[in-house]
Amino acid sequence: MPEPATPSDLAEPPVLASPPDLGGALVEWYSTHARDLPWRRPGFGAWGVLVSEFMLQQTPVTRVIPHLEAWLERWPTPADLAAAPPADAVRQWANLGYPRRALWLHRAAVEIRDRHGGVVPRDVDALLALTGIGDYTARAVAVFAYGDRHPVVDTNTRRVLARAIDGRSQPGPPSRRDLEAMAAILPHDRDMSAVVNAAAMELGATVCVARAPRCDACPLRDRCAWRAAGYPDTGDVRRKQARYEGSDRQARGAVLKRLRDAAATGIRIDALLPDWPDAHQRDRAITSLADDGLVELDDGFAHLAR
DNA sequence: GAGGCGTGGTG
DNA sequence: TCACCAAGCCT
């Protein structure tokens, strides 16, 4: 928890509704504090941005970067990935986690080839129609790859807005109102609006972080409703993550890792993790992976989907 | 809308 | 040590 606001901080009357030019303060801060990330390089390309956004869904930046570069070297265009079997995508995904994302990214590449002539669409609704792309990713691609003017709201932005505008320590559940709140602070200029979107995410990722925010380094310090209110704790509304050790997810992860490391022909099902502590759980993992389309079962063998 | 879904780093 | 965390999406 940050230091409480001092009396002199509180002497300035906080402006709670419509804080003046939050966007301007974010842009100025971003101009000197933005991290140099691959997908922010000029000319990185819409496909690269799209792949990066898939990988960044729930996986930290530092783990994504090397995998992203290898992925784009192997499959420089959507058509290149679409031409490969899904199993190759799942193997290349390696240990990034949530391997369904690899399958979904492959499906999206096929859809881009078949429905959009191999060009990543620019229209938000067209993006939303692709497998694995939701409200956040669709707008992130339209804004960061194409420079269009839309609100982009991820968990970092929701936290920044919750604190700076609503005076809460943590955001409420995701809602369409988040998009409206972000839209309200976007400048009219397209390029600047893209920068404000990026800056809000960046601030939330590096300064206005969930557990130990560095308010002393925050450009919104003097206009933050949460700080002005003395950092009230509104509690954390996020769902608690279930225990991983002993979970079905762990079993799925172990099965899939074994299949990634195996030859394309796969492994006899009765030789697939025979020593797993809970045989029913192992079987459930295999079946659910097959239901998801990650794994195929033929003739007593399990292998990655071809 | 709540629950399910990987993995590795961190305080 | 271990609970929590990390640019969500789908059902």
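Every chain is numbered from 1, with letters handed out A, B, ... down the list of sequences.
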Exercise. A:R260 near the nucleic acid: base, sugar-phosphate alone, or nothing, with a heavy-atom cut-off under 4.0 Å?
Worked result: sugar-phosphate
For this session: Using the closest heavy atom to pick a nucleotide of DNA chain C for each, name whichever of A:G132 or A:W39 lands nearer the 5' end.
Result: A:W39
Exercise. Whole-Å distance between B:dG4 P and A:D292 CG?
Worked result: 14 Å
For this session: Look at A:T59 and B:dG6 and indicate whether a side-chain polar atom (N or O) is within less than 4.0 Å of OP1 or OP2.
Result: no
For this session: Measure from CG on A:L294 to P on B:dG4 and round the result to the nearest Å.
Result: 18 Å
For this session: Look at all strands and tell whether A:P99 reaches a base, only sugar-phosphate, or nothing, counting heavy atoms closer than 4.0 Å.
Result: sugar-phosphate
Exercise. If you look at every strand shown and take non-hydrogen atoms under 4.0 Å, does A:T62 touch a base, only sugar-phosphate, or nothing?
Worked result: nothing
Exercise. What are the two closest non-hydrogen atoms of A:L128 and A:D135, and how far apart are they?
Worked result: CD2-N, 3.7 Å
For this session: Output the single nucleotide from C:dC5, B:dC5, C:dA7 whose closest atom is nearest the side chain of A:L56.
Result: C:dA7
For this session: Could you measure between the two P atoms, the one in B:dG6 and the one in C:dT11, and give it in whole Å?
Result: 14 Å
Exercise. A:Y244 side chain N/O closer than 4.0 Å to the phosphate oxygens (OP1, OP2) of B:dT7?
Worked result: yes
Problem set entry | Closest nucleotide among C:dG8, C:dC4, C:dA6 to the A:Q57 side chain | C:dG8
Exercise. If we take the C1' atom in both C:dA7 and B:dG11, what is their distance in whole Å?
Worked result: 23 Å
Exercise. Is the distance between the ring centroids of A:W47 and A:W75 under 6.0 Å?
Worked result: no
For this session: Before accepting this row, confirm whether a basic side-chain N of the pair A:D270/A:R268 lies closer than 4.0 Å to the acidic partner's carboxylate O.
Result: yes
Exercise. For B:dG6, does OP1 or OP2 lie under 4.0 Å from any side-chain N or O of A:N95?
Worked result: no
For this session: Report the distance from atom CD of A:Q58 to atom P of C:dC10, rounded to the nearest whole Å.
Result: 13 Å
Problem set entry | Pair of N/O donor and acceptor under 3.5 Å linking B:dG4 base with A:S288 side chain | no
Exercise. Under 3.5 Å, is there a donor-acceptor pair between the side chain of A:R40 and the main chain of A:R35?
Worked result: yes
Exercise. Side chains of A:Q170 and A:R159: do they bring a donor and an acceptor to under 3.5 Å?
Worked result: no
Problem set entry | Residue met sooner reading DNA chain C from 5', once A:A210 and A:D135 are mapped to nucleotides | A:A210
Seminar exercise, completed: note: A:F54, atom CZ; C:dC9, atom C1'; distance rounded to Å ~ 9 Å
Exercise. What is the nucleic acid contact for A:W93, judged by heavy atoms within less than 4.0 Å: base, sugar-phosphate only, or nothing?
Worked result: nothing
Exercise. What interatomic distance, in whole Å, is found between P of C:dA6 and the corresponding atom of B:dG1?
Worked result: 23 Å
Exercise. Considering only side-chain heavy atoms of A:R243, which listed nucleotide, C:dC9, C:dA3, B:dC5, is closest?
Worked result: C:dA3
For this session: Just compare B:dC5, C:dA7, C:dC9 and give me whichever is closest to any side-chain atom of A:T137.
Result: C:dC9
Problem set entry | Whole angstrom value for the distance that separates C1' of C:dC10 from CG of A:L103 | 13 Å
For this session: Please confirm whether any donor atom in the side chain of A:R63 sits under 3.5 Å from an acceptor in the base of B:dG8, or the reverse.
Result: no
Problem set entry | Nearest-neighbour nucleotide for the A:R249 side chain, C:dC5, C:dA7, B:dC5 considered | B:dC5
Exercise. With a non-hydrogen cut-off below 4.0 angstrom, is A:R139 in contact with a base, only sugar-phosphate, or nothing?
Worked result: nothing
Problem set entry | Presence of A:R101 side-chain N/O under 4.0 Å of C:dC9 phosphate oxygens OP1/OP2 | no
Problem set entry | base_contact_polar (B:dG4 base, A:R239 side chain, donor-acceptor, <3.5 Å) | yes
Exercise. Heavy atoms under 4.0 Å, any strand shown: does A:L37 hit a base, just sugar-phosphate, or nothing?
Worked result: base
Problem set entry | Heavy-atom pair of closest approach, residues A:D166 and A:A225 | C-CB, 4.4 Å
Exercise. Which whole-number value in Å describes the distance from A:R252 CZ to B:dG6 C1'?
Worked result: 9 Å
Problem set entry | Nearest-Å distance for atom pair NE2/P, residues A:H67 and C:dA7 | 18 Å
Exercise. Looking only at atom C1', what distance separates B:dC5 and C:dC5, rounded to whole Å?
Worked result: 16 Å
For this session: Report yes or no: does A:W226 contribute a side-chain atom to a donor-acceptor pair with the main-chain N or O of A:P232 at less than 3.5 Å?
Result: yes
Exercise. So, is A:Q241 near the phosphate of C:dC4, with a side-chain N or O under 4.0 Å from OP1 or OP2?
Worked result: no
Exercise. How close or far is atom C1' of C:dA7 from atom CG of A:L96, stated in whole angstroms?
Worked result: 14 Å
